[in-house]
Amino acid sequence: MSTVVSQQSGIERLEYRVEGMDCASCVSKIETALLRLAGVSAVTVNFSAETLTLQRELTGGTTEAQIVKKIRSLGFDALRVTRSCVAGSIPAASATQEEKPRGTCYGHQHSHAHHPSLAAGTNDGPGSANVFMRVGGMDCASCVGKIETALHRMPGVLAARVNFATESLEITLAEDAVSADDIVNSVRTLGFEVFDVRSKSDAPIDEASPPLPTPALRWWQTRKGRYVVGLGSLMGVAYGVAHLIPSLGTWIFGIAVVAGVIPFARKAFALAVSGSPFSIETLMVTAAVGALVIGEAEEAAAVVFLFAVGELLESVAAGRARAGIKALASLVPKTAVLMPADGGQRTVPASSLRVGDRVLVRPGDRVPADGKILSGHSSLDESPITGESMPRTKTIGEQVFAGSINADGVLEVHVEKAASDHTISRIIHLVEQAQSAKAPTARFIENFSRYYTPIVMAVALLIVVVPPTLLGGEWGAWLYRGLALLLIACPCALVLSTPAAIASGLAVATRRGLLIKGGNVLEMIGRVDTIAFDKTGTLTEGKPKITKVVAFNGYGEAQVLALAAAVESASSHPLGKAIIAHTQARNLTINPAVDASATAGRAVHATVNGRRLAVGSPTYAREVADADATLGKTMALLEASGNTVVALIDEQQGVVLGLLALRDEPRADARQGVADLKAMGVRSIMLTGDNRRTANAIAAGLGVECESELLPQDKLRLVNQMKLSSRVAMVGDGINDAPALAAADVGIAMGGGTDVALETADAALLKSRVTDVAHLISLSRATMANIHQNVAFALGLKGLFLVTSVMGITGLWVAVLADTGATALVTLNALRLLRFKGASPAPLSHSASA
């Protein structure tokens, strides 16, 4: 738990992890309930990160146990968040870099910065932890509570703190406490695995060692999944028994209703006493019990089962949407080669690096921390961070980012930012901030039920009571009519009106290779009027290709290609691979090369057919070869078109034999995709970290607006600016796009992108087609039209038969028909979406297609 106590005001800041939130309405339920507790204020729930923060007055009368009990009474799991942070007078979220003590977490919820043992090492007082271990097999929030409760009961255990995310356990023991072996046995008795047990005097646990594999639970293994399976099985048995022995049908359906409604009744009661009396759970329970009372047990069981299935589907979708932040942390290098001041090298956890350390970055390694190059020069692939499509050459004194990939040279880097504050950590923080800033939008049925539920219940009560008491009506007849009204008001058709259409829409999307994470996303996509595209890997292929070969000094294009490919045959540089691939595609012979070497970031050298050749940058070519005005003009023209230019050089004669221009070309359907969006009235703009010259060349060819040379925070800033005047969707494929994807009204990832983008985004184009963006928007608009029709059908039929039932014109069997008929209508209407063919392609202008 992250706790900050103000000595002046006596207010404590507490933080919890909350599991089981299915939708945005869960946030308001929790906040409403907790704000009613004495001394509790500033309650903030982050649905995406599953975190809860609040302030508690120490003299307010509400204990931590009461807070947890209240959360759990609403149907959610709660556990304290354990951070390896040093508590002080400055909250961790607002402390500056200079104010932060060593070991303090920086700005985000995940414990990937420092292991608890590292923080403990800075505090040798009586409250510091002295036993550390890893615990495997924890699969939910209640596991943490079980372990902590069991250990706190053991003699001499002063504190036991479990970190669910890192599977670590730190314990503070008194001098006369139980042994570590007793603790291990106690944890294992609870059904968990224990490994890497260390005392304070031992070496700290190496965070680079992987935890025990804990496979993600399938939907049927979760609590809600088991409940749905059990209730479905019970209903299946009920149908079978009712068919074989009709006299027992009502009884067994009644058992199914009672078994199924009890959990929802408990939750409805907890919500009622917590300030939310008219929830959808209240309506469902009332409708189910009402149907059971009037003898329609089968209908009541169907209502309970359908509601349970809807809750399960929401839970599954919410779990998938939350996986993005976890994927971000996996991109941080786990180990680093530390170069101590006393000499030598040793491999250490990257999370243990401190400002001022020196690290060695070998070819193929990821840079473990933000810093400055002390020695060496190399090409670095910064595309995961900046989106730059081409590797950038860097040398002594230049900055490098954590997560960048070192292509060729050996670098010695001076660490300038600790693990808790490097580039990847800041991106994680940006994603969390963007997700928490999204305004929670309650489900349609939940919003409607705020008025629908109390009105229907009040009307039913008036129908039962008023005519007999004031008008001399017969109690039995009016009770029958009131119960019929409750049955008509059963939410079955309303509950299905939206999910039925969305289910059809999602099925169509899946067939077309479009992954959409939930109905709210499908609804929002159709409302966007601005699409922000990343460039590299989104509008373009993400791989450099040769666009032009210019030969000099009597050589032909084929000769230049073959010789350049021979020189690059020993190189792993992306440009070299593109040259070789293009040469092979033209079926040209690549002669063997010997004595290959590289001048990092400048050129590759080799001897081919007895001649010493090099493939290098224009700068290198000007240094070692004669460069006349024609050569310089050709280079400038190629670069002006957004190409990266390399030269084939005869180093013995000092002449340039040819120039090769490479560029990350647009996807084949990019122009069509942009044209389709324009025809639908949607604006397109390209946001990229690439250089301005390349970005403008690509944008001009596609007919889109362009903003270039952007870092992740720049993309986030521009998306937030555009959101002030329009609804914005962001389309991207890399880690550098993750904050903007999360901040946009809808985030859309290309299927060929990183796992981070796929998990952070709300939707994904699995076939990586730009034209599928228009299909997404068109499908969303068709689905929303279908939903509006379904709601009209459901409410129209209910309204009609409510009137006829109250007047006594129609009886109970018509009430049942009204509900089942409305359900059938909305289902059949939703099935029409399965015939959706996609957006009509817009005609391409001659200039756009050229």
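What you see is a predicted model, and the numbers here were worked out from it, not measured in a lab.
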Looking only at non-hydrogen atoms, find the nearest pair between [X] and [Y] and report the distance.
X	Y	answer
Val682	Val528	CG2-O, 4.1 Å
Ala695	Ser708	CB-CB, 3.6 Å
Ala699	Cys706	CB-CB, 3.6 Å
Glu541	Ala668	OE2-N, 4.2 Å
Pro712	Pro739	CB-CG, 4.4 Å
Ala740	Val719	CB-CG2, 3.9 Å

Quick one: list whatever passes side chain to side chain contact (heavy atoms under 4.5 Å, CB included) with [X], sequence neighbours left out.
X	answer
Glu705	Arg683, Ile685
Arg586	Glu557, Ala558, Leu561, His582, Leu588
Thr53	Arg13, Glu15, Thr44
Asn720	Leu716, Lys723, Ala743

With sequence neighbours excluded, residues passing salt bridge (Lys or Arg N to Asp or Glu O under 4.0 Å) with [X]:
X	result
Asp676	none
Arg717	Asp714
Glu665	Arg663

Find the distance between [atom1] ([X]) and [atom2] ([Y]) and round it off to the nearest 0.5 Å.
X	Y	atom1	atom2	answer
Asn696	Ser641	CG	OG	12.0 Å
Leu380	Lys394	CG	NZ	6.5 Å
Lys633	Leu638	NZ	CG	12.0 Å
Ser617	Leu575	OG	CG	11.0 Å
Ile698	Phe533	CD1	CZ	14.0 Å
Ile531	Met680	CD1	CE	9.0 Å

With a 4.5 Å cut-off on side-chain heavy atoms, are [Y] and [X] touching?
X	Y	value
Glu523	Met784	yes
Asp664	Lys535	yes
Val549	Leu659	no
Leu718	Leu687	yes
Val18	Val45	no
Arg667	Ser768	yes
Val773	Leu765	yes
Thr783	Leu833	yes

Going by side chain to side chain donor-acceptor pair (under 3.5 Å), name the residues that satisfy it together with [X], two or more places apart in sequence or in a different chain.
X	value
Glu416	Gln399
Ser780	none
Arg727	none
Thr547	Asn643

Does any N or O in the side chain of [X] come within less than 3.5 Å of the main-chain N or O of [Y], such that one atom is a donor and the other an acceptor?
X	Y	answer
Arg366	Ser404	no
Thr540	Gly537	yes
Asp370	Phe401	no
Thr393	Ser379	no
Asp534	Thr688	no
Asp669	Thr771	yes
Arg781	Leu776	no

*Using 4.0 Å as the upper bound for N to carboxylate O, is an ion pair formed by Glu31 and Lys29?*
no
*The single option from Val704, Leu539, Leu702, Val770 passing side-chain contact (heavy atoms from CB on, under 4.5 Å) against Ser684*: Val704
*Passes side chain to side chain donor-acceptor pair (under 3.5 Å), Thr530 versus Ser726? Steps please.*
CA-CA 7 Å; Thr530 299; Ser726 61; 3.3 Å; yes
*Could you walk me through whether Ile579 and Leu660 pass the side-chain contact (heavy atoms from CB on, under 4.5 Å) check?*
CA-CA 8 Å; Ile579 293 171; Leu660 297 93; 4.2 Å; yes
*Between Lys548 and Val550, is a side-chain contact (heavy atoms from CB on, under 4.5 Å) present by the stated rule, with each step listed?*
CA-CA 7 Å; Lys548 191 174 184 62; Val550 181; 4.0 Å; yes
*Apply the test side-chain contact (heavy atoms from CB on, under 4.5 Å) to residues Ile777 and Leu677: give CA-CA distance (whole Å), side-chain angles for both, the deciding distance (0.1 Å), then the verdict.*
CA-CA 9 Å; Ile777 295 175; Leu677 291 171; 3.7 Å; yes
_With no hydrogens and no angle check, just 3.5 Å: does a side-chain donor-acceptor pair link Arg832 and Gln789?_
yes
